[in-house]
Amino acid sequence: MSNIYESLNNEQQDAVTHTEGPLLILAGAGSGKTRVLVHRIAYMIEEKNVSPYSILAITFTNKAAGEMRERIDRMVGFGADQIWVATFHSTCVRILRRHIELLGYDTNFTIYDADDSKSVMKQVFKTLNIDPKQIKEKRVLNVISSCKDELMGADEYEAFAATYEEEKIAACYKEYQDALKRSNALDFDDIIVKTVELFKKYPEVLNNYQDRFRYIMVDEYQDTNTAQYELIRLLASKYRNLCVVGDDDQSIYKFRGANIRNILDFEKHFKDAYVVKLEQNYRSTQNILDAANAVIKNNSSRKDKALWTDKGEGSRIHFRQFETAYEEAEYIADDIAKTVKKGLAKAGQCAVLYRTNAQSRMIEEQFVRNGMPYDLVGGVNFYDRKEIKDMLAYLRMVDNAVDDLQVRRIINVPRRGIGQTTIDKVAGYAREHGLSFYEACEEVDSIPSIGAAAKKIEGFVNMVRVFRASAPEYGMRGLIADIIEKTGYVSELEESEEDDAKDRIENIYELVNKIVYYEDNTDEPTLSGFLEEVALVSDIDGLQEGADKAVLMTLHAAKGLEFDRVYIAGCEDGIFPSYMSVMDTDKDAIEEERRLAYVGITRAKEELTITYSKTRMNRGEFQHNPVSRFIREIPQELFDNTMPKHKSIDVDHVASTQKAKVTNAAVSFLSLSKGMKKAESLDYESGDRVSHIKYGTGTVVSIEEDVKDFKVTVDFDTAGRKIMYAMFAKLKKV
């Protein structure tokens with residue numbers, strides 16, 4: 001055997017040289033699975049005289065396919081171009097371009113993206129006279145996509161339908177597929193489904209591809225759905241030389257349709273399957289791997305395996321707890337800055353991982369304040385996100401109505417029935433009379449041929465006037481609450497079926513947190529001052545393009561990557577694992593979150609820091625969350641046990657310098673000790689009726705003295721029961 005295979009460890013060699021029959025390679029994180037696949041292909045060609053023409057290698061992403069293609073070309077050389085290395089979708093499209101006429105389509109079919117599908121579904125709703133207020137178009141599309149993942153056609157779903165909604169969805173499913181067919185189009189799910197249909201209806205076509213692809217390899221097998229499993233099963237059923245590579249412990253895409261049972265049940269599907277476990281890790285130190293092993297072993301639905309390395313124990317895991325999320329973000333940014341300054345690592349070798357995109361805001365701000373360059377992966381800069389820009393546009397409009405850009409941005413956001421034609425007429429009137437766009441809106445009755453839209457613009461103008469009039473009394477937190485309520489922006493998102501609606505809502509309330517922080521930590525807070533601060537924080541244009549940058553990303557986005565130093569932020573129950581998974585009675589939900597923790601931990605090569613905040617602001621109010629159960633599952637001896645030392649805060653010094661590096665919580669609590677009334681002298685007590693700027697009126701249930709503030713429990717008439725700190729609630733006795 002060639003020397004190139006002697007560089008592999010025993011298990012890797014076993015996987016490479018086992019070329020016949022079904023093979024399951026359980027490849028733990030950092031175990032060199034791509035290397036194994038490339039060597040296996042080279043071995044089959046060089047040592048087993050397998051024709052490159054007979055090999056199919058399937059991956060999930062174009063990036064992974066490109067990397068594998070490049071490595072195969074280097075190692076195999078002549079004949080490598082005959083090997084099919086492609087994603088599931090590109091493989092199927094290639095097959096359908098040749099044979100889809102058998103299914104009644106032309107070979108020049110169009111592939112519809114998500115926006116195209118939405119447009120088709122809107123037309124379907126019109127055709128079937130379905131009210132989108134009763135059933136959301138996105139809801140129907142999601143159900144159809146899930147059906148296709150499970151190879152359930154429109155007729156099958158119709159037979160399954162039992163409720164009014166399901167019957168309507170079944171009708172939409174049929175009409176949607178008919179509309180696609182009339183347009184000679186496929187959506188992304190159809191690409192897989194139609195290939196499976198082709199193979200099942202036309203055995204001669206299937207037989208042709210079975211003879212062509214006698215050796216099939218599938219990467220990231222844990223991420224396959226039912227339709228993809230059936231596609232592979234059909235292709236491999238004749239010669240059964242199927243090699244699948246994956247790690248059930250890294251299955252984190254259930255929300256995309258991934259079925260973890262495909263990898264867990266591989267040996268049931270293929271009784272004579274040979275199994276190889278790749279447990280030697282080439283990425284991380286042993287302490288990091290021990291932590292990952294300790295966490296993931298608590299999952300019941302998994303294949304037994306444990307990662308190990310010969311790199312040595314390495315540093316212990318750094319666990320840092322903080323009073324607030326602000327301190328957490330400050331520490332992370334400072335620690336990375338110090339690490340880079342000392343030459344211990346480059347910025348690009350450091351990554352900050354978190355559960356939700358909303359958590360990035362404070363971390364981003366600290367990086368900007370430190371002058372630390374960073375890349376935000378899997379999202380845009382916090383202040384560049386649409387929902388944040390919209391909210392800031394409302395605030396800027398209140399602060400400065402002659403800013404035409406802001407007014408025009410949100411005059412029809414959320415939708416008020418003010419169309420582009422109307423906006424153009426207002427803009428034309430403004431130009432003719434030398435007015436700002438808002439001033440022209442105030443004179444809407446004088447604009448010719450404006451028609452019924454005049455009343456809608458008047459409603460918008462009146463709303464803005466109310467915002468301006470109430471801003472001095474309400475303060476900024478009251479203003480943003482008023483904007484959220486009166487515009488219905490969040491309500492519209494709550495009713496939306498968009499995939500990112502929840503994330504967008506979280507982002508809006510993270511902006512509320514920022515406003516509360518600014519008001520509580522600034523001697524003379526003003527709306528203009530806040531908007532200026534935000535503008536400066538979000539201005540990162542001065543950073544050198546292509547410079548070495550720290551990476552900020554969600555845990556999901558980090559899969560497949562590795563970094564010398566990793567910081568996992570927000571490790572609290574309710575944040576990570578998420579509140580929804582904690583409350584879910586199905587153990588699969590919490591087990592998927594635990595797999596996400598395993599993925600996060602195993603991204604670290606040399607140093608792993610886990611951070612936790614005792615208090616975290618959510619929607620303008622404090623939450624007290626316990627340390628994440630995943631962190632408690634890590635043996636204590638793996639931690640360095642060094643807890644942060646919180647310096648005492650000199651309030652007078654803070655006031656004089658206006659440069660307090662303290663959190664909203666700390667300042668609020670300190671303010672409490674200097675000016676807050678004691679419980680016995682509050683304006684209200686248990687049983688009293690009180691009013692809240694956001695939640696309206698309610699009855700005080702209890703007042704509980706805390707170390708730093710007073711917890712007030714109120715049953716609000718419409719908002720239900722809320723527990724708030726007195727300093728932030730600012731309740732008024734009715």
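The shown structure was predicted, so the numbers you read here are calculated from the model rather than taken from an experiment. Quick note: residue numbers are just sequence positions, from 1.
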Engineer: Should the ring pair Phe255 and Tyr253 be called parallel, tilted or perpendicular, given that the plane angle runs from 0 to 90° and is split at 30 and 60?
Structural biologist: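 Rings of Phe255 and Tyr253: perpendicular, as their planes differ by over 60°.
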Engineer: Is it true that Asp249 and Lys305 have a side-chain N and a carboxylate O under 4.0 angstrom from each other?
Structural biologist: yes
Engineer: Check this for me, if you would: do Glu506 and Arg355 make a salt bridge, where the nitrogen-to-carboxylate-oxygen distance has to be below 4.0 angstrom?
Structural biologist: no
Engineer: May I ask you to decide whether Arg316 forms a salt bridge with Glu637, counting only side-chain N to carboxylate O separations under 4.0 Å?
Structural biologist: no
Engineer: Measure across Ala347 and Asp548 and return the closest heavy-atom pair with its distance rounded to 0.1 Å.
Structural biologist: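 Nearest pair, atom of Ala347 first, then Asp548: N-OD2, 3.1 Å.
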Engineer: Whether Asp588 and Arg261 form a salt bridge (side-chain N of Lys/Arg under 4.0 Å from carboxylate O of Asp/Glu) is what I want to check.
Structural biologist: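 Salt bridge between Arg261 and Asp588, a charged N being under 4.0 Å from a carboxylate O: no.
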Engineer: Salt bridge (Lys or Arg N to Asp or Glu O under 4.0 Å) with Arg320: which of Asp334, Asp640, Asp335?
Structural biologist: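 So, applying the salt bridge (Lys or Arg N to Asp or Glu O under 4.0 Å) to Arg320 and each of Asp334, Asp640, Asp335, only Asp640 qualifies.
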Engineer: Measuring from atom CG of Asp573 to atom OG of Ser578, what distance do you get when rounded to the nearest 0.5 angstrom?
Structural biologist: 10.0 Å
Engineer: OG1/Thr611 to CD/Glu572 distance, rounded to the nearest 0.5 angstrom?
Structural biologist: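 Those atoms lie 7.5 Å apart.
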Engineer: Side chains of Glu364 and Gln366: is there a donor and an acceptor less than 3.5 Å apart?
Structural biologist: no
Engineer: With sequence neighbours left out, write down each residue that passes side-chain contact (heavy atoms from CB on, under 4.5 Å) with Gln349, or none if nothing qualifies.
Structural biologist: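 Only Ala345, Lys346, Asp564 meet the side-chain contact (heavy atoms from CB on, under 4.5 Å) criterion with Gln349.
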Engineer: Does any pair with a residue in residues 275-309 pass ring pair (Phe, Tyr, Trp, His ring centres under 6.0 Å), and if so which ones, sequence neighbours excluded?
Structural biologist: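 Passing the test, one end in residues 275-309: no pairs.
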Engineer: For the pair Lys605 and Glu562, find out whether any cationic side-chain nitrogen is under 4.0 Å from an anionic carboxylate oxygen.
Structural biologist: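 Salt bridge: yes.
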Engineer: Using side-chain contact (heavy atoms from CB on, under 4.5 Å) as the criterion, list what pairs up with Glu591, not counting sequence neighbours.
Structural biologist: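 In terms of side-chain contact (heavy atoms from CB on, under 4.5 Å), with neighbours along the sequence ignored, Glu591 is linked to Asn299, Ser300, Ser301, Lys587, Arg594, Arg595.
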Engineer: Can you see whether Glu328 engages Ser613 through a side-chain donor-acceptor pair at a distance of less than 3.5 angstrom?
Structural biologist: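 No pair is found: no donor N or O on one side chain lies under 3.5 Å from an acceptor on the other.
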Engineer: Let me confirm one number: the CD-OG1 distance from Gln280 to Thr309, rounded to the nearest 0.5 Å.
Structural biologist: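 With rounding to 0.5 Å, CD (Gln280) is 6.5 Å from OG1 (Thr309).
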Engineer: Which of these passes side chain to side chain contact (heavy atoms under 4.5 Å, CB included) with Phe266: Val275, Val244, Asp248, Leu23?
Structural biologist: Val244
Engineer: When Tyr331 is tested against each of Tyr567, Tyr612, Phe322, Tyr326 for ring pair (Phe, Tyr, Trp, His ring centres under 6.0 Å), which residue passes?
Structural biologist: Phe322
Engineer: For the residue pair Gln228 / Tyr221, report whether a side-chain donor-acceptor contact shorter than 3.5 Å exists.
Structural biologist: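 No donor-acceptor contact under 3.5 Å links the two side chains.
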Engineer: Could you tell me if the side chain of Gln321 sits less than 4.5 Å from the side chain of Ile631, heavy atoms only?
Structural biologist: no
Engineer: Ignoring hydrogens and geometry beyond distance, is a side-chain donor-acceptor pair present between Glu510 and Asn507 at under 3.5 Å?
Structural biologist: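 The criterion, which ignores hydrogens and geometry beyond distance, is not satisfied for Asn507 and Glu510.
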Engineer: Donor-acceptor check, side chain of Thr224 to backbone of Tyr229, threshold 3.5 angstrom: yes or no?
Structural biologist: no
Engineer: Between the side chains of Lys63 and Glu67, is the shortest nitrogen-to-carboxylate-oxygen separation below 4.0 Å, so that they form an ion pair?
Structural biologist: no
Engineer: Thinking salt bridges, do Arg385 and Asp500 make one under a 4.0 Å N-O criterion?
Structural biologist: no
Engineer: To the nearest 0.5 Å, what is the distance between CE on Met391 and CZ on Arg504?
Structural biologist: 9.5 Å
Engineer: Quick one: OG1 on Thr324 to CZ on Phe622, what's the gap to the nearest 0.5 Å?
Structural biologist: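 If I round to the nearest 0.5 Å, the distance is 7.0 Å.
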